[in-house]
Amino acid sequence: MKKMLKVFLMLPIICLSGCWSSIELNELAIVTAMGIDKTEDGYLVSVQVLNSSELAGDARSGRTEVVTFRKSGKTIAEAIRSLSTDIPRRLYVAHLREIVFGEEMARAGIAKPLDVLSRQKELRSDFYMTVAKGSTAYDTLNVQTALEKIPANKVFDSLENSERRWAPTRTVTLDELVSSIVSKGRQAMLTGIYVYGDPESGSNVTNAQNISPKSGLRLDYLGVFKKDKLVGWLNRNDSKGVSYITDHVKSTAVNIPCEGDQITVNTTSSKTKIKGKMEKGNPKIDINVTSEGSIGEVECTIDLSKPEKIEELNKRYEKDIKAKIEGSIKTLQKKYQSDIFGFGDEIHRTDPEAWKRLEGNWEQEFANLDVNVTVKAKIRNLGTISESFQKEIEE
Amino acid sequence: MKSRVPIPLRKLIEDKQSVKNKKQQEELNQSGNPNSSKTKNQSQNPVQNAQNRSKDSKNHQTKLISSDLQYNFDHIKKTLGNSSDIIIRDFQAGKNGEIKLGIVYTDGLTDSASIQDLILDTLMVEIRNSDLDVEIPDCFEMIKSHTLPIGEIVEITDFQKFFNHVLSGDTMLLLDGSTKGMALGSRNWVDRGVQEPSSQTVVRGPKDGFTETLRTNTALIRRRIKDPSLWLETKQIGEKTQTDVAIMYLKGVANDKTVSELQSRLNRINIDAILESGYIEELIQDEVYTPFPTIYNTERPDAVAAAILEGRIAILVDGTPFVLIVPALMVHFFQSSEDYYQRADIATLIRVLRYLSFFLALLTPSLYVAVSTFHQEMLPTPLLISLASQREGVPFPAFVEAMLMEVVFEILREAGVRMPRAIGSSISIVGALVIGQAAVEAGFVSATMVIIVALTAISSFVFPSNSMAIAFRMLRFLFMILAATFGLYGIILGLIVMVLHLNSLRSFGLPYLAPNAPFILQDQKDNIIRMPHWSLVKRPRLISKNDTDRGDVSSPKPPR
């Protein structure tokens, strides 16, 4: 009986204490994207909040699926708090999918905004970071996307999809970004995002009602950072070269010339090995790329059934990859002097002693770094037809 | 349906108290009726401890049978208050009617045909043809051993046993001039008959179920185990109801200590009425303050037979089809008798499914409450969006919503059990339409909550044993409160406390969580997985310590 009484007396502890951190689902404003722009004396923070009853369920009223709010403040945390005057619910950032920095913000340095993002306990670090190329972050959060109802999801999925299938873009999470900004032997890079088409109609809910949307979001170009500042953009070929060097190519398409026309090889697998070494006191990098692909498209009349022809194609295939890699290295060495490949880290790993010496002046060393690129590429299969019927048409 | 039911085989249960009781009775006999002779056949009669204890206040029951027949009749009428279902018939036997006899029986509990043919016909008609020139005391012996063609005859000297027999359906024969009476077995009453058990149905397996008659039930078990070591002990419990309670076990296989512990616990019961085996269960269980059943109950004779063969003990109570089995471990409540009739592979999968549904039945609503109010980050984004859109416009917090729906479901379930059959379908319409659809459309509750409640409900019906499902039904609400207060942390705390509590439970001395805690490797072959029968060669170790070998079975092989 005494035991029962004790249990009974303990019940109020359960009922009277807890619940302080509980929050109902319909009191949350689920933030899927956040944009950070620079203003004269602080930041402009824009958040894209889901209107969940328009996204799922059967009580849809035709309002927009996402709402973007913006507010400026001296610090980001202040701006986010002050957003509560606009948003009737608690901002919930655990499901954030993307963070966009305005180009101006990125050029001024993103280290300060990154502090609040790393400090915030609610944030999971599985979202991707991008830079709004040539615009403010707010503009990119102000576009309705077709197919994907949530623009942040479109960015998230597009990034993953194009990284996997096209290669010049790059998914970068918060942790990766912070560690490459902090690291001396590696510089940061972020994919660029921009609005194509007419930005005015982009924010209208009817934008997604067009078969061919008047505007939309596109991911392209890699932004090169030096420390925490954006210094410039790489073009598509250089971006692809960077992906080859950092072993991020899962599959892509490679165009190789053939009798004045083109053959496209679908790379199905690619593996890159980087080896750093010191030679006579100078750092040296060896890059070994092994690529395999299959013929995706043939526009010329080449006879693919002949092994020597394939051998010839392999050579050109290798050449194309090598050109892209060397091109990107050249751009980064000459134009930006920014080691986004992490060559410095590689030297650090192989020869820590030498790295201590090189560390202070790595920017200069990188610009003059001797990089040796070896590519082994092979075409593995020809698709379902071996010989193109172009030849028969011509004959 | 009618069936002939003989007097139960009565066995003397020898315990310490019986000696004491005998002494008591002798003392009372000496001080009671001066006409009485000393009781000789005491040892043939069952010892009724509970009854003996309260004997002092019940003087008329200890009264001994007088040699005056008319005096006996008057006493019977007085004691039973002239109840109209008690039939007293006096008659004369012998050539000249010199022997005065009387029979007493309860109408409705006896087989009137056998009274007619075997007792009255014999004593009144056939006896005339024989020569009766014996003295009256010898006449009693002669009738007993010579005349009456009845299987069950028990000699009675006192009225306590007299009434016990009469009210159990036996016919009492009294003889003028004799201080002894004869209880003649003539029990027969209307019986429901052996039907399919309604609470535990199987697809494959025997379809017979226990009935309300003890004798039928013991017969159903005997039919399955034809072994001389299957012992049956009967005693009467309940001062007023005198309910027959039988324990059945395999002597030599069952743990003797458990048997004697059970006997002493049954002997300790001192209550006026036993109407169902639930009375016994509550009076002999190990732990009182627990939602978990520590005694198994079943309607299925095959389940009881299997338990007895494992070395467990069955307690059969007259008047109910539910037979108790001790000791009962937690794993037993997850086992259905069909597990052993189906192939081992599907039986194993179904057991895994049961354990899964155990967690679903216990935790689904609380997990929903915890995740949707504390840990939204645990959900995948698309799921969160669809849950959030469901919650949009629901006026209650998730916990209140969950509590509401669970209570509504419990009401529906209780109504479904209790209400008359004829309106059963209308209740299901009310339940499905009003609760399931209208409430969601009106926006009172989210569709998610209805799914959760339905999932919980269906999972809780998976258990083969209703008593374990009841435990989870109750605990579910506790877990919901914990989830609403502390989130997942509260649920984990609750689970830890629950496991600790389960570990503290014992059923007749056996740890409740065996063979999982303590872990017994040998018994794992019939725990979550059910191995094929050819590998189940050992009985559960803790239950039957004496004889664990089930035989030498080997896996079947094709001929060479």
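So you know, we letter chains A, B, ... as the sequences are listed, proteins then strands, and number each from 1. Here the structure is a predicted model, which is why all the values come from computation and not from measurement.
Taken to the nearest 0.5 Å, the CG atom of Leu50(A) stands 8.5 Å off from the CG atom of Leu384(B). Rounding to the nearest 0.5 Å places OG of Ser52(A) at 10.0 Å from CG of Leu387(B).
Looking at Pro380(B), only its backbone comes within 4.5 Å of chain A, counting heavy atoms on both sides.
Residue Tyr489(B) places its OH atom among 12 or fewer non-hydrogen atoms of other residues, nucleotides or ligands, all under 6.0 Å distant. Applying the 6.0 Å contact sphere to OH of Tyr196(A) captures more than 12 heavy atoms from other residues, nucleotides or ligands. The 12-atom threshold is exceeded at CG of Leu5(A), counting heavy atoms of other residues, nucleotides or ligands nearer than 6.0 Å. Within a 6.0 Å radius of NZ in Lys250(A), other residues, nucleotides and ligands contribute more than 12 heavy atoms. Counting heavy atoms of neighbouring residues, nucleotides and ligands inside a 6.0 Å radius, atom CZ of Phe444(B) does not exceed 12 of them. Applying the 6.0 Å contact sphere to CD of Glu282(B) captures no more than 12 heavy atoms from other residues, nucleotides or ligands. Within a 6.0 Å sphere centred on CZ of Arg90(A), heavy atoms belonging to other residues, nucleotides or ligands number more than 12.
Among the candidates Thr32(A), Leu25(A), Ile150(A), the single residue satisfying the side-chain contact (heavy atoms from CB on, under 4.5 Å) test with Ile385(B) is Ile150(A).
The two residues Val394(B) and Asn26(A) make their nearest non-hydrogen contact at O-ND2, 3.6 Å. Of all non-hydrogen atoms in Ser53(A) and Ser389(B), the two that sit nearest each other are CA-CB, 3.7 Å. Contact record, Leu379(B) with His95(A): O-CE1, 2.7 Å, taken as the closest heavy-atom pair. Across every non-hydrogen atom of Pro397(B) and Glu24(A), the tightest pair is CB-OE2, 3.2 Å.
By number of non-hydrogen pairs under 4.5 angstrom with chain A, the leading residue of His375(B), Gln390(B), Glu392(B) is Glu392(B). Interface check for chain B: of the options Glu54(A), Arg89(A), Arg97(A), the most heavy-atom pairs under 4.5 Å are formed by Arg89(A).
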Exercise for the section: I would like to know whether Tyr289(B) and Lys3(A) meet side-chain contact (heavy atoms from CB on, under 4.5 Å); could you show each step before the answer? Expected result: CA-CA 10 Å; Tyr289(B) 297 111; Lys3(A) 200 171 151 193; over 6 Å; no

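Of the charged side-chain nitrogens involved, none lies within less than 4.0 Å of a carboxylate oxygen, so that Glu377(B) and Arg124(A) do not count as a salt-bridged pair.
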